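Here's the structure, in structure tokens; my notes come after.
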Amino acid sequence: MPAMTTPETPAAAPSGQAYDPTAVEAKWSAYWEAAGVFHADPERVLRGEREPFVIAMPPPNVTGRLHMGHALQDTVQDLLIRYHRARGFEALWIPGLDHAGIATQNVVERALRTQGIERKAIGREAFLTHVWAWKAEYGGAILEQKRRLGDSCDWRYERFTMDDGLSRAVQHTFVSLYEAGLVYRGDYLVNWDPDNQTVLSNEEVDNVERPGFLWTVRYPVVDAAGQPTGEHVDVATTRPETIPADVAVAVHPDDERFRHLVGQTVHVPTTDRLVPVVADDVIKMDFGAGALKVTPGHSENDFEIGKRHNLPTLSILNPDGTLNDLAGAYAGMDRAAAKTRIVADLDAAGLLVRTEPYTVTTPVSSRSGAVIEPLLSPQWYVRMAPLAEKALAAVREGTVAFHPDRWKNEMARWLDDGRDWPVSRQLWWGHRIPIWYPTATDGTRDEDAFVVSVDSPGAGYVQDDDVLDTWFSSWLWPFATLGWPDAGTPAMRAFYPGTVLVSGYDILGIWISRMLMAGLHFTGEPPFRDVFVTGMVKDKQGRKMSKSLGNGIDPLDMADQYGADAVRFTLAGLCAQGQDIKLDPSGFEGGRNFANKLWNAFNVFGRFLETDDAGHPTQHVGPVRPEPTLVEAWIQTRLAETVAAVDEALGKYRISEAAQTVYDFVWRDVCDWYLEVAKPAPGAEMDAETLAFSVGLYESVLRLVHPFMPFVSEELWWKLRPRAAGDALAAASWPAPGPTFPAEAATFSLVQEVVAAVRQVRAQYSVAPSKRIEATVSAADAASAEALASVRGTVERLAGLSALSVGVATDKPPASAAVVVGRHAVFVPLAGTIDLGAERVRLGKEIEAKAGFLRSVEAKLTNETFVSRAPEAVVAVERQKAADAAAQIEALEANLADLG
RNA sequence: GGGCCUUUAGCUCAGCGGUUUAGAGCGCUCGCCUCACACGCGAGAGGUCGUAAGUUCAAAUCUUACAAGGCCCACCA
């Protein structure tokens, strides 16, 4: 650990002022990092001293900016990491960046274009130099933004999918898959983006509905000599520009209208080609005109039909989206222009039967927005079915568990898909495919004599131009970040497999399924044990946040406005299992208020601590009293219960529940009750034992709060006691389960109820807060009476009483308001204070409510089957309820009678 | 076409394989600048848990059907 001085801590904010996170939050990330508190040491794991807890951060794009989805997922991840670190795990959160092939290439290309530089003009190497320069200057800003949120990554492990280690892992992976027979080259229809001139995987393509037309085109039937027979087949199409690539017309085999034409020949409009009529049962008789033009070169569906009928495949499209020579008269035209032209020509030729408006589902690149063309081209594929097998088993057997569980089925569906993965991309920014072609002296390469190798086979070979899909590095992320393919690195041995993956459901198929496959195939183990699937963050109306809608909420803006702690706590509170989050930015006020509450609560006792001018405590508090007071026993019990509840909630990834539990404990129990009881009278000093207990309690509170709100808790931590350098809360342990005092806790609950009863009466009758009144408690047993009497001063203060008298079944004062508390009654004399008639009405209502309750309980108890079949304990509870209710009614009725 | 999710207070949502007369935050009402906090304190109002049937001693919770809203995948000539 580097030599650290106690960090600068601003003096306690003057009383009456709100907590200001800006100054506080700025300094802690740097401090934690310098102190090395996030460092994970593989040796401690390898020596068996600690269990690892490992999360690999889904690497954001280098081009990315932090959005609310990141903020949510990082909140969850950091919460889990800090929590487990405090629990004594060797916690490692691996940060990093994804090179994001297409996205980054597009961003840099656009940036260069504004300077008049065209990618193709400068060539591959020069362009890549620009990308690297761009990455060095602007890339990775998102990781700084994550530090701002308080992410406790071990930044020494930061990786980039294009760094040397990852690149080597990628090359190695491709070669090894090839050697295993799992990589092949094939001519298939791929999703072609004519703008970027690259292939895209299905996951990179969005299907959007756009208004278009459905044209019905007439295909004349011709005889053996090629002469029209007078018959025709009408065909419906949304893509007339592909007519020149038609190789058949297909009808349904059962279609009476066309059955006699099957096997005959039709003339393809706009061409001089004659093609057969074939029968295939995928044809829908009731759609359009009932017949389909078969264009295997430009439609996946047709490609399958073509294969079944041994039809040729014609492709009339150039990679840039213009038509090629096969398109005859339309060669050289852009696909959109060709469409217009062909429709006009068909119309002129009298072959256009009908034009009707039609909503066309159009495939669009999620990156460039270009309309995707199915294009026949040679690409490299990974065979997925053999890889999916083990992953599927791991998911089905629960070796990898999903939270919430329902994503298990969704994952199984993805893994069961069986489709191969096209991995080559016609881009420059990415991992170049490790395929080498021998070149002849004239420069021509032999595409079929390729060598697959990480390194160049030597002079005379040239590497494939294409790069690999971005996800081809991402799927190695959980282990390539730890040094794989070197199995022997300490990091790999200590921290693999990881513990949990936190991600949104949107990349279940494109990323998570592939990590499972890669992990099991390459390392023999699933890369993580749990997958926690978060919901997506939507806007207030439930719409996706997007740039085009302008409805995004910037987490950094929110952090500036409310504090990073507030953003984190609010998001944690909203993170219920698997539900999408409709985010209203004003919701962050809740988190801000909580941080403020925590801050102000410190002042109740903190102002009695001795400090130096900088606000640092200079003296340790003394010992706590050997026997805790009632409120101390109670709050300690609540602390233990709270820690247990948070443990349970986090163990089940019930993040919002954990946050709620912490919130209730801090606000309701510690602030509303403990501190209200513990704080000294105005002007008085806090006694040493109470101060010591408060500091100790607050230390536990801060440990508990820290994973949720690291900054404010760390700041307060240093205000509690003098601390050695490096003794940060971020490195401190989770609160240990302390002793519990069930009897005292129950007694304090009675105190709370008595106080609430008096307050209720005061509010009911608008007794001025400043007015002291008297109250009498008629306790049901001596022990309760004694306990209450022992804290008489506390009750008097909290309830605003001048005098509290306590007795066992004591006589009630005349003309009192009465409130029942369990088996006890609280009486507040009201003679001369208020209208007794009003109290009579209130009592009547109260009695009626209790009576209704009693009736419902008695109905159960007189139900023979309930008494005989329900568990004994349940029946006993009901009996107790009936007895209590009866006693309460009796007390209230007695008081009603007394009021006259 | 296949699958999944949601429906609980005015709003946003919790409610964990069943047991106090269903909870929180925000909003609302009443009273308070009570020397930690008005980003606060105290007291309240507000819900036949989408509809219908079933299982059970007991259903917001389990089953089935239906309705409304949403998501994903496939298809879309």
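Because the structure is a prediction, the values reported are computed rather than measured. Protein chains get the first letters and strands the later ones, always in sequence-line order, with residue 1 at the start of each.
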d(CE, A:Met536; P, B:C5) in whole Å:
18 Å
Rounded distance (Å) that lies between atom P of B:A24 and atom CG of A:Leu574
17 Å
Could you tell me whether A:Arg239 contacts a base, only the sugar-phosphate backbone, or nothing, with contacts defined as non-hydrogen atoms closer than 4.0 Å?
nothing
Describe the nucleic acid contact of A:Lys293 in one word from base, sugar-phosphate, nothing, applying a heavy-atom distance below 4.0 Å.
nothing
Base, sugar-phosphate, or nothing for A:Ala291, non-hydrogen atoms under 4.0 angstrom?
base
Taking for each residue the nucleotide of RNA chain B with the nearest heavy atom, is it A:Asp580 or A:Val867 whose nucleotide lies nearer the 5' end?
A:Asp580
Most 5' of A:Ala851 and A:Glu657 on RNA chain B, judged by nearest nucleotide
A:Glu657
Sugar-phosphate, base or nothing in reach of A:Ala849, heavy atoms under 4.0 Å:
base
I'd like the P distance from B:U64 over to B:C73, given in whole Å.
26 Å
What integer number of Å spans the C1' atoms of B:G15 and B:A9?
14 Å
Could you check whether A:Tyr653 gets within reach of a base, just the sugar-phosphate, or nothing at all, counting any heavy atom under 4.0 Å?
nothing
Heavy atoms under 4.0 Å, any strand shown: does A:Arg797 hit a base, just sugar-phosphate, or nothing?
nothing
Any base atoms under 4.0 Å from A:Asp584, or only sugar-phosphate, or nothing? Heavy atoms, all strands.
nothing
From B:C5, B:A36, B:A43, nucleotide with atom closest to A:Arg406 side chain:
B:C5
If you check every side-chain atom of A:Ala576, which of B:A36, B:G3, B:A14 has the closest atom?
B:A14
Counting any heavy atom closer than 4.0 Å, what does A:Ser656 reach on the DNA or RNA strands: base, sugar-phosphate only, or nothing?
nothing
Using a 4.0 Å heavy-atom cut-off, does A:Val874 contact any base of the nucleic acid, only the sugar-phosphate backbone, or nothing at all?
base
P atoms of B:C62 and B:C16, separation to the nearest Å:
8 Å
Using the P atom as the point on both nucleotides, what is the distance between B:A22 and B:A65, in whole Å?
30 Å
Within the structure shown, what part of the strands sits under 4.0 Å from A:Leu583 by heavy-atom distance: base, sugar-phosphate, or nothing?
nothing
What is the nucleic acid contact for A:Glu589, judged by heavy atoms within less than 4.0 Å: base, sugar-phosphate only, or nothing?
nothing
Between B:C71 atom P and A:Trp407 atom CH2, what is the distance in whole Å?
13 Å
Choosing from B:C35, B:C37, B:G42, which nucleotide comes nearest the side chain of A:Asp672?
B:G42
Give the nucleotide from the list B:C72, B:G25, B:C41 with an atom nearest to the side chain of A:Glu410.
B:C72
Of the nucleotides B:A43, B:C16, B:C76, which one has an atom closest to the side chain of A:Ala763?
B:A43
Figure out the CZ/P separation between A:Phe608 and B:A36, and round it to whole Å.
8 Å
Hey, are the side chains of A:Glu878 and A:Lys860 touching, using non-hydrogen atoms and a 4.5 Å cut-off?
yes
Would you indicate which nucleotide in B:C35, B:C39, B:U21 comes nearest to any side-chain atom of A:Arg592?
B:C39
B:U6 and B:C66: how far apart are their C1' atoms, nearest whole angstrom?
16 Å
State which of B:G3, B:C41, B:C39 makes the closest approach to the side chain of A:Asn596.
B:C39
Touch check for A:Gln579, heavy atoms < 4.0 angstrom, all strands: base, sugar-phosphate only, or nothing?
sugar-phosphate
Would you kindly give the CZ-to-P distance between A:Arg419 and B:A74, to the nearest whole Å?
5 Å
With no hydrogens and no angle check, is any side-chain donor or acceptor of A:Asp246 less than 3.5 Å from a backbone partner on A:Ala248?
no
Of all the choices, B:U21, B:C35, B:C37, which nucleotide is nearest to the side chain of A:Asn600 once you look at every atom?
B:C37
Looking only at the aromatic ring of each residue, does the gap between the centers of A:Tyr19 and A:Trp599 stay below 6.0 angstrom?
yes
Is the count of non-hydrogen atoms from other residues, nucleotides or ligands lying under 6.0 Å from A:Glu356 atom CD greater than 12?
yes
In whole Å, I'd like the distance from the CD1 atom of A:Ile512 to the P atom of B:C72.
16 Å
Quick one: label A:Lys540 by what it contacts on the DNA or RNA (base, sugar-phosphate, nothing), any heavy atom closer than 4.0 Å.
nothing
Report yes if some heavy atom in the side chain of A:Leu716 is under 4.5 Å from a heavy atom in the side chain of A:Val712; otherwise report no.
yes
Quick one: label A:Trp215 by what it contacts on the DNA or RNA (base, sugar-phosphate, nothing), any heavy atom closer than 4.0 Å.
nothing
Nearest whole Å is fine: how far is B:A59 P from A:Phe866 CZ?
12 Å
Separation between the C1' atoms of B:C39 and B:C26, rounded to whole Å:
14 Å
Is the backbone N or O of A:Val217 less than 3.5 Å from a side-chain atom of A:Arg354, with the two atoms forming a donor-acceptor pair by type?
no
Taking donor-acceptor contacts at under 3.5 Å, does the side chain of A:Glu676 reach the base of B:A36?
yes
Can you check the distance between B:G27 and B:G47, where both ends of the measurement are the C1' atom (answer in whole Å)?
16 Å
Measure from the side-chain heavy atoms of A:Pro871 and tell me the nearest of B:G25, B:U19, B:C37.
B:U19
Of all the choices, B:C32, B:C76, B:C41, which nucleotide is nearest to the side chain of A:Pro769 once you look at every atom?
B:C32
Are OP1 or OP2 of B:U19 and a side-chain N or O of A:Lys860 less than 4.0 angstrom apart?
no
C1' atom, B:C49 versus B:C13: distance in rounded Å?
13 Å
Would you check if the side chain of A:Glu25 reaches a backbone N or O of A:Ala564 as a donor-acceptor pair within less than 3.5 Å?
yes
What's the CG-C1' distance between A:Asp416 and B:G2, to the nearest Å?
14 Å
Does B:U21 have A:Phe853 stacked on its base, where the ring centres are within less than 5.5 Å and the planes differ by under 30°?
yes
Using a strict threshold of under 4.0 Å (side-chain N to carboxylate O), is an ion pair present between A:Glu858 and A:Arg879?
no
Are the aromatic rings of A:Phe594 and A:Phe569 close, with centres under 6.0 Å apart?
yes
